[in-house]
Amino acid sequence: MSSVKKAQPKLDSSAGKLLFLGSILEQNIFPFPKIKDEEAETLRMILDSIDKFMQPKAADFKQYDEEGAQPSEYIEALKELGLFGLIIPESFDGLGLSNTGYSRVLQHTSRYDSSTSLTVGAHSSIGMKGLLLFGTDAQKKKYLPKLASGEMIAAFCLTEPGSGSDAGSIKTNATCNPDGSWTLNGEKIWITNGPLADFFTVFARTEGEQGKLTAFIIERSFGGLTTGPKEDKMGIRASATSTVHFENTRVPAECVLGEPGKGFKIAMSILNNGRTGLGGGCVGGMKRCIEMAVRQASERKQFGKSISEFGLIKEKISQMTVNCFATESVVSMVGHYIDSGLDDFSVEAAISKVFASESLWSVAHEALQIAGGNGFMKEYPYEVVVRDSRINLIFEGTNEILRLYIGLSGLKDAGEYLKEISSSVGKIFDDPIKGFGVLSRDATKRVTGLTSIGREKLSCVHPALREQASVYEEYTQRLSRASEELLRRYKKEIIGQQFPTKRVADIAIDLFVGLCVLSRVTSLLEERGAEKCAEELSIAHIFTQQAKRRMNQNIRRLIQNEDDEMRTLSDFIVGKGGYPWDTI
Ligand SMILES: Cc1cc2nc3c(=O)[nH]c(=O)nc-3n(C[C@H](O)[C@H](O)[C@H](O)COP(=O)(O)OP(=O)(O)OC[C@H]3O[C@@H](n4cnc5c(N)ncnc54)[C@H](O)[C@@H]3O)c2cc1C
């Protein structure tokens with residue numbers, strides 16, 4: 001094993017972006033992160049109290065889902081459990097968990113009820129995360145103890161009727177008064193915890209229509225803030241979602257969060273930092289689905305056998321397991337990046353969100369399928385898991401936007417490397433599509449300092465995984481060649497080329513998730529020895545073979561594809577107003 005194994009993560013480098021340059025930053029992927037013993041002890045106690053509290057409540061959760069609300073006594077009980085103070089430092093009366101520990105807790109709550117995870121998660125992951133990341137000492141001192149106890153519940157207010165993915169186009173405006181205070185007007189929609197919250201992180205435009213965004217801390221008690229009725233939703237129905245309306249809301253000068261004019265960057269940082277909450281929730285949802293599916297497959301008999309004996313059911317159960325293991329691996333890695341103080345993990349965080357949400361969606365779908373007709377009945381919990389899991393592909397950045405972000409961020413760094421075309425490519429990536437997030441800087445330094453283009457050999461992977469390692473080595477190199485080819489072909493027009501951008505993003509997703517799996521299995525092999533890791537080796541093998549097929553397909557389709565016809569057909573159908581054919 002190489003000495004790199006003991007190295008600390010390289011704080012100014014992104015392993016995800018470097019893949020586009022043909023480089024695997026082993027130092028940031030190996031060894032697989034481990035929760036510290038001290039935190040593990042605290043976590044066990046928290047998980048135990050969650051079990052005691054949530055396990056007997058299955059019937060209540062069903063009722064909350066039907067009624068579309070969590071009663072106030074339930075919210076009070078969550079406060080008593082300390083679930084609103086998970087990531088708040090102990091010095092401010094919170095539990096002081098790391099991002100990894102926090103994610104593990106949300107995983108556990110999600111095994112019982114996704115709406116509970118969302119109420120707690122929206123508070124911590126996005127509602128008050130900005131205060132933790134950008135708040136002044138005075139702001140923290142004033143609000144964190146109340147947020148830790150749940151006396152104040154937090155909400156994150158970015159989305160508006162005319163501004164979803166295009167977060168940079170919000171219209172809520174803030175005018176600065178002569179005394180330094182601000183007056184806010186505007187409307188936010190679909191705000192999780194809106195009806196419960198007393199603490200709102202709000203984004204508004206501060207310098208006229210074309211001006212920049214500024215983040216504010218707004219208390220309900222400031223006045224001029226009203227929340228609409230709870231939205232009637234498809235899933236996570238018990239979690240409270242509403243509009244938040246500002247009418248001449250007067251905000252004291254000291255409630256600006258971070259620097260005025262930096263609101264867009266703050267919003268993206270909050271979303272990036274919050275991704276382990278959503279990822280942890282997805283892992284918990286998958287573990288729940290696997291448990292239900294295994295029970296059903298063992299108990300249900302058809303054709304004189306348990307259905308678990310049929311090949312097509314076995315295929316589903318093993319695929320669900322591979323998805324869950326891979327998601328757990330990538331979410332843990334991203335949690336570790338955040339906890340290590342890495343500068344730039346936005347691509348890896350986006351990869352974990354896309355992979356986690358799509359894995360849960362497919363696992364929930366398969367769990368329901370294994371249950372057959374029972375799966376479709378409200379009497380069983382399959383349909384609620386399917387309904388609840390769908391939102392993860394939409395909120396905190398849709399998966400389409402995040403794929404474009406992954407692809408364009410990686411291509412930006414590759415573009416900067418390709419010096420001969422960087423003058424025409426470099427600039428346009430600085431703001432690829434307002435709303436995609438904050439792109440990295442200083443790529444040239446990283447490229448020259450850290451990487452050498454060409455096939456690299458992974459040195460930290462366990463010898464039992466050598467064959468798998470060579471797949472990632474080969475496809476990292478192929479990704480860099482494909483990126484170079486795309487940049488040469490499209491130059492600055494790459495910004496509008498969504499089909500190939502998605503394909504390189506998908507390759508990066510497979511590479512990064514696969515490398516996290518190899519890292520985890522390597523650590524397990526070193527701890528326990530190969531003879532005790534047969535199943536983990538199988539998971540690494542299955543994931544890698546599947547990833548290889550997908551990556552191969554994505555590389556081939558960069559050249560041979562039906563993209564032009566797909567675009568033309570879509571334009572035709574949109575022009576017709578719908579599907580124009582019939583058989584009569
Ligand atoms: C239950 C729920 C809770 C929510 N909680 C919060 C919250 O607490 N705070 C908050 O601020 N917001 C919240 N949201 C809003 C959520 O973040 C947005 O719904 C999300 O960002 C997508 O915006 P949109 O719904 O307007 O979709 P749109 O932006 O209109 O997108 C519609 C479709 O077009 C695609 N699309 C858009 N632009 C592009 C592009 N450039 N290229 C390719 N495809 C594109 C999208 O991927 C999507 O498939 C919540 C939403 C829901 C449903």
Side-chain angles (χ1 to χ4, degrees), residues 121-122 125-131 133-134 154-174 182 184-194 197 200-218 231 241-246 256-275 277-278 344-347 349-350 353-354 357 391-409 412 428-440 495-496 498 501 505:
S125 295
I126 53 176
M128 53 92 175
K129 188 73 157 203
L131 174 63
L133 293 174
F134 301 99
F156 174 86
C157 303
L158 181 62
T159 306
E160 299 182 358
S163 168
S165 300
D166 185 9
S169 70
I170 58 168
K171 292 207 161 40
T172 294
N173 67 80
W182 299 81
L184 255 87
N185 282 287
E187 191 185 21
K188 302 289 179 179
I189 57 167
W190 302 329
I191 304 305
T192 305
N193 287 348
F200 298 83
T201 299
V202 182
F203 299 88
R205 192 168 295 289
T206 40
E207 294 158 30
E209 265 186 36
Q210 300 307 313
K212 294 196 167 152
L213 308 193
T214 295
F216 295 92
I217 293 169
I218 300 187
E231 300 288 351
T241 315
S242 73
T243 55
V244 179
H245 195 81
F246 302 97
V256 169
L257 184 62
E259 270 180 65
K262 300 278 187 216
F264 186 77
K265 198 170 174 195
I266 291 174
M268 294 307 132
S269 294
I270 293 172
L271 291 168
N272 281 330
N273 271 275
R275 299 224 187 278
L278 186 146
D344 182 7
F345 52 84
S346 59
V347 162
K353 192 273 187 179
V354 170
S357 56
I391 187 60
N392 294 303
L393 290 83
I394 299 170
F395 64 10
E396 296 192 15
T398 67
N399 286 12
E400 289 78 15
I401 295 294
L402 290 177
R403 276 197 165 84
L404 295 173
Y405 177 72
I406 295 162
L408 290 175
S409 299
K412 176 196 180 235
I428 51 118
F429 285 104
D430 288 342
D431 189 2
I433 295 176
K434 196 93 179 164
F436 284 177
V438 187
L439 295 173
S440 81
I495 202 88
Q498 296 198 342
T501 304

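Note that this is a predicted model, so its numbers are computed, not measured.
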Indicate the atoms forming the closest heavy-atom contact of [X] with [Y], along with that distance.
{"X": "L213", "Y": "A167", "result": "CD1-O, 4.0 Å"}
{"X": "S269", "Y": "L133", "result": "O-CD1, 4.1 Å"}
{"X": "G127", "Y": "A154", "result": "C-CB, 3.5 Å"}
{"X": "G162", "Y": "S169", "result": "O-OG, 4.0 Å"}
{"X": "N272", "Y": "A349", "result": "O-CB, 3.9 Å"}

Donor-acceptor pair, distance only, cut-off 3.5 Å: does the side chain of [X] make one with the backbone of [Y]?
{"X": "T201", "Y": "M128", "answer": "no"}
{"X": "S357", "Y": "V354", "answer": "yes"}
{"X": "E396", "Y": "R275", "answer": "no"}
{"X": "N193", "Y": "A155", "answer": "no"}

Reported [atom1]-to-[atom2] distance for the pair [X] and [Y], which is rounded to 0.5 angstrom:
{"X": "I391", "Y": "T192", "atom1": "CD1", "atom2": "OG1", "result": "7.5 Å"}
{"X": "C157", "Y": "I189", "atom1": "SG", "atom2": "CD1", "result": "11.5 Å"}
{"X": "W182", "Y": "N173", "atom1": "CH2", "atom2": "CG", "result": "11.0 Å"}
{"X": "I191", "Y": "E160", "atom1": "CD1", "atom2": "CD", "result": "9.0 Å"}
{"X": "L158", "Y": "F395", "atom1": "CG", "atom2": "CZ", "result": "14.0 Å"}
{"X": "T398", "Y": "L393", "atom1": "OG1", "atom2": "CG", "result": "9.5 Å"}

Is any side-chain heavy atom of [X] closer than 4.5 Å to a side-chain heavy atom of [Y]?
{"X": "S163", "Y": "K171", "value": "no"}
{"X": "E259", "Y": "F134", "value": "no"}
{"X": "L184", "Y": "T172", "value": "yes"}
{"X": "I170", "Y": "R205", "value": "yes"}
{"X": "S409", "Y": "V347", "value": "yes"}
{"X": "I495", "Y": "L408", "value": "yes"}

For this session: Classify the side-chain pair N399/K353 by whether it contains a donor and acceptor separated by less than 3.5 Å.
Result: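 Present: a donor and an acceptor within the cut-off.
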For this session: For the pair T501 and R403, evaluate side-chain contact (heavy atoms from CB on, under 4.5 Å) and give the outcome as yes or no after the intermediate values.
Result: CA-CA 8 Å; T501 304; R403 276 197 165 84; over 6 Å; no
Exercise. Would a line drawn from the ring center of F156 to the ring center of F203 be shorter than 6.0 Å?
Worked result: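 Distance test on ring centres: under 6.0 Å, yes.
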Problem set entry | salt bridge (Lys or Arg N to Asp or Glu O under 4.0 Å) against K129, all qualifying residues, sequence neighbours excluded |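 Not a single residue meets the salt bridge (Lys or Arg N to Asp or Glu O under 4.0 Å) criterion with K129.
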